[in-house]
2 protein chains.
Amino acid sequence: MNDVQKTESDSVERPGAKTSARRADLRARLVAAGRAAIAEGGLQNLKARDLAAAAGCAVGAIYNVFDDLDDLILRIGADTLARLEHGLAGAPGPAPEPAEELLRLSRGYLSFARANKALWRALFEHRLAGGRPAPAWYLEDQGRLFALVEAPLARLLPDEPAASRVLLARTLFSAVHGVVSLGLEEKLAPMSEATLEGELERLVRAFAAGSTARPCGEASRKD
Amino acid sequence: MNDVQKTESDSVERPGAKTSARRADLRARLVAAGRAAIAEGGLQNLKARDLAAAAGCAVGAIYNVFDDLDDLILRIGADTLARLEHGLAGAPGPAPEPAEELLRLSRGYLSFARANKALWRALFEHRLAGGRPAPAWYLEDQGRLFALVEAPLARLLPDEPAASRVLLARTLFSAVHGVVSLGLEEKLAPMSEATLEGELERLVRAFAAGSTARPCGEASRKD
């Protein structure tokens, strides 16, 4: 008996569960259809009519399982973030040196952006109608990603207060994102893969070295 | 006699000049109308029909003085870059310390972006049809801006080869742009003006310190 059959038979005794499973299934199909549409043609390729056709439902059914298209786009974004998080997971074993770990994460981010350009772009291009802020559940999903950056920062800057480190992780992410983003889009100059990777490394190494830099005289006094 | 009358009377003897002045005037009016449209509602607010009405010409006349709307948008972008360059001009007198100068430029960039949000966004959102690269004249306009960053980098890193410094200026700009961009759009978290300015300063100071950092042992050996 496969999972779908199991859900169906379970629901004979629990009618609410059947409806709930059907809704979850439709949501998943709509997220998959939306993801495919964005991957193919960006956010502007996301049309309610096409999504409904791809998911095999009426257009109105979309709004039974999502508040609006913004809500669906946020779910697709959360799915992209989860894939990015999975791609950035480190190897098991002892943690590498903080600067090396920051570099590994930055390179992973560049690779992900390069391989998933349209979905990655959509994360930043999408603005909620009326300038609403992103909902708490979405910010929590983002937060798990930033935790990956906070961990090596905590080892690099053990005296940094936690609140300041949380901000710094977002600042470093933003800086890396700027280099990846303008580089991949070739906004400033044509840029080979090797050059972009080299520049990203220069930025991250300078940041890591400069964040811990103390005037040499000061270090000497401590010796 | 004002400038317009002068142009008109001059052109009695040089009919080509009259046409040329009329074309230049129409171009300027269309750029002004386009800039106002983008400032009001972003790139998607730029409509040929509205521009023609605002500039007092037929829709077809737009395409007599610009290759296409992309060409007009690039001219508006060049105008934005010129305003940014003007805003970033330093005070006369001796050049400040390189790190302070980089910080001054970064803060100037943040202020400009904050005060001209839609026009600044349009610089990065606009993509030429068919993925064409930006024309040489536009890249030259951009280049003058990066020269402002290259000057303090040359003093910070006197041994850096020129080609590498040219790249590094774009990398630092991209990093600063990332922090400004995700911060102003509040993509990662709500962010006060003071916090954003503080984070920008942390990035630029770490970058400047880390770019010149040598292990203290090495410096000692040189002493």
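Values in this document were obtained by computation on a predicted structure and should not be read as measured data. Convention: sequence-line order gives letters A, B, ...; per-chain numbering from 1.
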Leading residue by heavy atom contact count with chain A [cutoff under 4.5 Å; candidates Gly178(B), Ala134(B), Ser174(B)]: Ser174(B)
Minimum side-chain heavy-atom gap Met191(B)-Leu167(A) below 4.5 Å: yes
Which of Arg127(A), Arg205(A), His177(A) touches chain B most, by non-hydrogen pairs under 4.5 Å: Arg127(A)
More than 12 heavy atoms from other groups under 6.0 Å of CD on Glu201(B): yes
Chain B contact via Phe146(A) - which portion, at a heavy-atom distance below 4.5 Å: side chain
Side chains of Ser164(B) and Arg202(A), donor plus acceptor under 3.5 Å: yes
More than 12 heavy atoms from other groups under 6.0 Å of CZ on Arg49(B): no
Part of Leu168(B) within contact of chain A (heavy atom distance under 4.5 Å): both
Over 12 non-hydrogen atoms of neighbours within 6.0 angstrom of CD in Glu97(B): no
Under 4.5 Å from a heavy atom of chain B, the part of Leu200(A) involved: neither
Part of Thr171(B) within contact of chain A (heavy atom distance under 4.5 Å): both
Ion pair check, Glu199(A) and Arg170(B), cut-off under 4.0 Å: no
